[in-house]
Amino acid sequence: MKFIRFSVLAAGVMAALASASAAEIGLTIEAATPGPVISKYVYGQFAEHLGTGIYGGLWVGPESRIPNTRGWRNDVVGALKALRVPLVRWPGGCFADQYHWRDGIGPRAARPVRVNTNWGGVEEYNSVGTHEFFELVEQLGADAYVNGNVGTGSPQEMAEWVEYMTADGKSSLATLRAANGHPAPFKLAFFGIGNEAWGCGGNMSVGHYADEYSRYATFLHPGGGNKTQFIAAGGHDDDTSWSEHLSARLRTGRFDGVSFHYYTSPGPDADGKYGATGFGEAQWISTLSNTRRMDDFITNNAAKMDLHDQHKRLSFAVDEWGTWYDAEAGSRSGFLVQQNSLRDAMVAALNFNIFHAHADRVRMTSIAQMVNVLQAMIRTDGDKMVLTPTYHAFRMYVPFQDATSVPVKLEHNPQYAFGGLAIPAVSASAARGKDGQLYLALVNTNPGERADVAVDVAGGRAGSASGTVLTAAAMDAHNTYAAPAAVKPAPYEARAEGGKLLLKLPPKSIVVVAVR
Ligand code: AHR
């Protein structure tokens with residue numbers, strides 16, 4: 001008995017020692033050889049007419065008892081402002097290809113009621129239309145990414161929407177916009193010509209879509225000083241043919257980027273479930289492993305685009321990304337409601353690091369979606385609101401908006417392995433912020449082991465690090481209305497000792513620090 005006790009104790013101590021003395025990972029920040037700027041638009045968000053993504057989650061209307069400013073919820077908009085949301089994509093998604101902009105202007109009470117056949121077959125009252133959307137982006141201090149309708153629209157309808165939004169002078173559409181309350185042209189930063197043309201946007205071949213794009217784009221003439229960027233609806237997952245074909249074919253002057261969609265799912269568990277919570281380590285690693293595929297997808301698509309666009313004029317716009325799990329039990333069909341856990345924050349951070357590494361091509365993205373839908377920043381229920389772990393990841397990465405990327409070199413980065421899958425234990429990204437500070441973001445994907453990272457700045461010194469860490473006891477830790485702060489960032493500090501700056505990353509954590 002005594003012997004057994006000794007053995008257990010010894011094993012415990014050995015394990016602790018092994019963990020404490022785990023080989024250090026070396027990280028060098030190559031501060032003297034900066035890379036491209038990480039566009040702030042990489043931190044864009046997507047808000048679609050889908051479930052309570054807009055109605056209820058963001059828009060409650062001016063008459064609501066929920067405090068609002070011209071219809072937009074004060075609590076939600078206030079929280080989003082802290083993320084410095086640079087861009088909002090609207091109105092879809094699949095919804096974009098059934099949306100007719102004239103339904104959403106003029107007195108709200110007189111607007112037509114349509115059926116949202118993509119998302120739950122609900123009645124669409126068109127309370128949020130063009131003017132309301134631009135009011136939202138103005139409140140957020142964001143730019144607009146409006147997605148036009150190719151699937152059920154026409155070149156004329158699209159051209160007139162662009163004219164309505166942007167024309168100055170006295171054209172009838174500019175006059176109508178003024179009569180509807182906005183004499184000045186709106187700022188239209190991005191305009192998408194269709195969405196998922198290979199699927200809900202019309203089930204087209206890429207060749208057919210390329211012809212449609214050229215036809216629609218020919219008639220788009222933004223006014224009001226707008227330098228609108230036009231985005232073609234591109235491919236998804238491991239299909240590079242859309243990026244290749246579109247960058248080869250489109251010769252219009254109104255073509256600034258190709259979109260791309262990739263959603264991360266864990267792969268089913270033994271019961272065929274893709275739960276947002278209640279999962280085990282097999283689904284933890286499969287989710288993180290699957291989301292890392294984004295790196296290859298970007299590399300492969302960028303290589304195709306390089307063949308026809310050597311100077312990288314075109315942007316690869318990942319305008320839908322994030323996690324997609326089984327819908328929450330009891331939620332309405334077609335509303336894409338899912339819980340958001342620490343795992344989602346890890347997915348966000350891993351993707352940010354990937355986008356930074358491809359900052360030369362990836363100059364705009366929008367996560368799906370902003371509120372209540374898929375991998376949301378915020379969840380609401382009536383007048384209640386809760387911030388998700390993904391919200392916190394976005395907030396931690398704010399210093400990377402418009403920062404200059406700086407290469408990092410990782411040495412002795414072990415693999416984190418489970419159940420036949422293996423991924424690098426640590427993901428890292430660094431940049432020189434607009435404030436001149438050097439920022440470092442680290443993700444420890446291993447849910448069971450700490451990672452010790454010795455940080456060095458090439459040609460400089462790393463004396464201290466301060467910022468925040470996001471972690472939790474459980475892999476599926478999440479925030480609820482009853483416990484809204486179960487997952488939230490905590491302060492993180494480290495100081496060099498003996499000339500060495502050692503950052504100890506807790507298991508399953510994200511650390512973002514300024515290195516001085
Ligand atoms: O984000 C939800 C949907 O996913 C979008 O409407 C569509 O573009 C994609 O298939």
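One-based numbering, in listed order, for ligands and for the atoms of each.
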Any donor-acceptor pair under 3.5 Å linking the side-chain atoms of [Y] with those of [X]?
{"X": "Asp344", "Y": "Thr390", "result": "no"}
{"X": "Asp256", "Y": "Ser315", "result": "no"}
{"X": "Tyr55", "Y": "Glu124", "result": "yes"}
{"X": "Tyr416", "Y": "Asn444", "result": "no"}
{"X": "Trp321", "Y": "Thr365", "result": "yes"}

Is it true that Arg102 and Glu157 make a salt bridge, defined as a side-chain N closer than 4.0 Å to a carboxylate O?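 Result for this pair is no, no salt bridge flagged.
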Which N or O atoms of ligand 1 sit under 3.5 Å from a protein N or O, and how far apart is each pair?
| unit_1 | atom_1 | unit_2 | atom_2 | d |
| --- | --- | --- | --- | --- |
| ligand 1 | 1 (O) | Tyr263 | OH | 2.7 |
| ligand 1 | 1 (O) | Gln369 | NE2 | 3.0 |
| ligand 1 | 4 (O) | Tyr263 | OH | 3.4 |
| ligand 1 | 4 (O) | Glu320 | OE1 | 3.2 |
| ligand 1 | 6 (O) | Glu48 | OE1 | 2.8 |
| ligand 1 | 6 (O) | Glu48 | OE2 | 3.0 |
| ligand 1 | 6 (O) | Cys94 | N | 2.8 |
| ligand 1 | 8 (O) | Asn195 | ND2 | 3.0 |
| ligand 1 | 8 (O) | Glu196 | OE2 | 3.3 |
| ligand 1 | 8 (O) | Glu320 | OE1 | 3.1 |
| ligand 1 | 8 (O) | Glu320 | OE2 | 2.7 |
| ligand 1 | 10 (O) | Glu196 | OE1 | 2.8 |
| ligand 1 | 10 (O) | Glu196 | OE2 | 3.1 |

